[in-house]
Amino acid sequence: MFTIGDFARHGRVSVRMLRHYDATGLLRPAHVDPVSGYRYYTAAQLARLNRVIALKDLGFTLQQVQEILDGKVTTEELRGMLRLRQAELEAAMAAAAARLVQVEARLRSIESEGRMPTNDVVIKTVPAVRVAELTATAASFEPQDISSVIGPLYDELFRRLGEAGVTPTGPGVAYYEDAAEGDGRIIAHAGVQVAAPLQDGAFRVLDLPPVDRAATIVHRGSMDAVLPTAQTLAHWIDGNGYRSAGYPREINLECPDNRDEWVTELQTPVDRPLAPKE
């Protein structure tokens with residue numbers, strides 16, 4: 001048998017944790033000296049300890065762990081719990097990866113402050129375009145909130161277009177507007193150019209109006225990392241005496257499977273500011 005200290009070392013856990021597991025009935029010592037109160041464990045108990053730690057690391061509560069180990073949970077229930085926890089962990093990993101992308105984008109913007117290249121910005125007129133679209137509400141205009149909405153919208157839009165026998169005739173066109181509630185939420189429009197009659201049904205077909213004057217720039221890479229490009233455009237607009245007149249349109253020029261190879265044109269409508277009164 002092992003003393004509680006030795007067992008803790010072999011199990012790579014703390015003595016305090018073993019005492020807690022004893023108090024909760026999760027892992028009782030094999031023997032307790034009736035005089036000294038010292039706890040003793042056997043090597044065979046490492047198997048239960050390993051299961052406790054593994055299940056706890058998967059996010060189960062100690063009560064759930066005890067029910068699983070004591071056979072109060074059926075195999076099918078356990079399989080369902082594990083699948084649910086797997087989905088939760090995968091979602092957390094995806095969210096953490098998205099946050100990392102945003103941190104990297106912010107860092108690139110910070111590092112390039114004062115030396116942002118603006119020679120790639122072009123002022124042009126954007127003609128009217130007919131698009132088929134679906135819309136949904138995003139929590140904010142932050143890239144991670146937009147990406148989590150616009151991607152599924154496009155997947156569903158192309159599915160419905162296929163069912164309707166409508167073939168896109170040009171690139172995707174995403175655009176945005178403030179939600180009516182005025183609480184920072186954004187209405188995201190996922191559209192694609194089509195040559196189809198105007199309609200409201202499984203998807204909406206409408207004509208986007210022309211933009212008389214738009215400041216445009218091409219972004220290369222995932223839209224999750226669009227921040228430095230968008231802020232380059234903002235610096236150009238401000239530095240050249242313009243003012244923004246709305247959210248930018250995003251024209252999906254190239255969208256291969258590798259998102260890092262995407263090519264997207266940002267088109268921000270701009271106005272000349274009024275001259276100051278003398």
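Residue Arg220 places its CZ atom among 12 or fewer non-hydrogen atoms of other residues, nucleotides or ligands, all under 6.0 Å distant. Counting non-hydrogen atoms of neighbouring residues, nucleotides and ligands closer than 6.0 angstrom, the OH atom of Tyr38 reaches no more than 12 such neighbours. Other residues, nucleotides and ligands contribute at most 12 non-hydrogen atoms within 6.0 Å of the CD atom of Gln63. A 6.0 Å sphere centred on CZ of Arg259 holds more than 12 heavy atoms belonging to other residues, nucleotides or ligands.
To the nearest 0.5 angstrom, Phe7 atom CZ is 8.5 Å from Phe2 atom CZ. Atom CG of Asp120 and atom OG1 of Thr232 lie 9.0 Å apart (nearest 0.5 Å). The structure places CE of Met223 at 8.5 Å from OG1 of Thr229, a figure rounded to the nearest 0.5 Å. Rounding to the nearest 0.5 Å gives a distance of 10.0 Å between CG of Leu161 and CD of Glu156. The OG1 atom of Thr24 sits 6.0 Å away from atom CG of Leu62, with the distance rounded to the nearest 0.5 Å. Atom OH of Tyr40 and atom CE of Met1 lie 9.5 Å apart (nearest 0.5 Å).
Counting only distance, with no hydrogens or angles, the side chain of Tyr154 and the backbone of Gly191 share a donor-acceptor pair below 3.5 Å. Looking at Thr216, its side chain does come within 3.5 Å of a backbone N or O of Val122 through a donor-acceptor pair. A donor-acceptor contact shorter than 3.5 Å links the side chain of Arg51 to the backbone of Ala47. Side chain of Ser140 to main chain of Glu142: a donor-acceptor pair is present (N/O by atom type, distance under 3.5 Å, no hydrogens or angles). Counting only distance, with no hydrogens or angles, the side chain of Gln64 and the backbone of Leu55 share no donor-acceptor pair below 3.5 Å.
Taking the side chain as every heavy atom from C-beta outward, Arg204 and Leu134 never approach each other to under 4.5 Å. The shortest distance between side-chain heavy atoms of Thr268 and Leu233 falls below 4.5 Å. In this structure, the side chains of Ile53 and Tyr21 come closer than 4.5 Å at one or more pairs of heavy atoms. Phe203 is listed as a side-chain neighbour of Leu157, based on a closest heavy-atom distance under 4.5 Å. The side-chain heavy atoms of Val52 and Phe60, taken from C-beta on, include no pair separated by under 4.5 Å. In this structure the side chain of Pro197 never reaches within 4.5 angstrom of the side chain of Val205, judged on heavy atoms. Using a 4.5 Å heavy-atom cutoff, the side chains of Ile237 and Arg243 are not in contact. The shortest side-chain heavy-atom distance between Ile186 and Asp145 does not fall under the 4.5 Å cut-off.
Both Ile217 and Ile123 are part of a single hydrophobic cluster, where members link through side-chain heavy atoms under 4.5 Å apart. Under a hydrophobic clustering in which Ile, Leu, Val, Met, Phe, Trp and Tyr are joined whenever their side-chain heavy atoms come within less than 4.5 Å, directly or via other members, Tyr176 and Ile251 fall into different clusters. Cluster annotation: Val65 is not connected to Leu84 through the hydrophobic network of ILVMFWY side chains, with a link wherever side-chain heavy atoms come within less than 4.5 Å. Val192 is not connected to Trp262 by any chain of hydrophobic side-chain contacts under 4.5 Å among Ile, Leu, Val, Met, Phe, Trp and Tyr, and they are in different clusters. No continuous path of ILVMFWY side-chain contacts below 4.5 Å connects Val263 to Val121, so the two sit in separate hydrophobic clusters.
When only modelled atom types and interatomic distance are considered, Tyr247 and Asp178 share a side-chain donor-acceptor pair under 3.5 Å. Side-chain N/O atoms of Glu265 and Gln267 include a donor and acceptor closer than 3.5 Å. The closest side-chain donor-acceptor pair between Ser147 and Asp224 falls under 3.5 angstrom.
Residue pairs meeting the salt bridge (charged side-chain N to carboxylate O under 4.0 Å, His left out) criterion with at least one partner in residues 125-140, sequence neighbours excluded, are Arg130-Asp207.
Ser14 and Ala8 make their closest contact through C-CB, 4.1 Å (heavy atoms, listed as atom of the first residue, atom of the second, distance). Scanning both residues, Val131 and Val194, for their nearest heavy atoms gives C-CG2, 3.9 Å. When every heavy atom of Leu26 is checked against every heavy atom of Arg48, the shortest pair comes out as O-NE, 2.7 Å. Residues Pro248 and Pro269 come closest through the heavy atom pair CA-CD, 4.5 Å. Residues Pro171 and Asn252 come closest through the heavy atom pair CB-O, 3.2 Å. The two residues Leu153 and Ala188 have their closest heavy-atom pair at CD1-O, 3.7 Å.
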Inset, instruction - Check the pair Leu266 / Arg249 against side-chain contact (heavy atoms from CB on, under 4.5 Å), numbers first and verdict last. - result: CA-CA 6 Å; Leu266 307 183; Arg249 289 182 187 176; over 6 Å; no
Inset, instruction - Mind running side-chain contact (heavy atoms from CB on, under 4.5 Å) on Leu18 and Arg39 for me, showing each step along the way? - result: CA-CA 10 Å; Leu18 290 176; Arg39 300 172 175 87; over 6 Å; no
Inset, instruction - Begin from the C-alpha positions of Lys124 and Asp212 and carry the test salt bridge (charged side-chain N to carboxylate O under 4.0 Å, His left out) through to its verdict. - result: CA-CA 8 Å; Lys124 63 183 180 183; Asp212 292 336; over 6 Å; no
Inset, instruction - Apply side-chain contact (heavy atoms from CB on, under 4.5 Å) to the pair Arg213 and Arg272, showing each step before the final yes or no. - result: CA-CA 9 Å; Arg213 185 186 289 119; Arg272 284 284 188 184; 4.2 Å; yes
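Using a 30° and 60° split on the angle between ring planes, Trp236 and Tyr242 fall in the parallel class, below 30°. Aromatic ring pairs are classed by plane angle as parallel below 30°, tilted from 30° to 60° and perpendicular above 60°; the pair Tyr175 and His189 is parallel.
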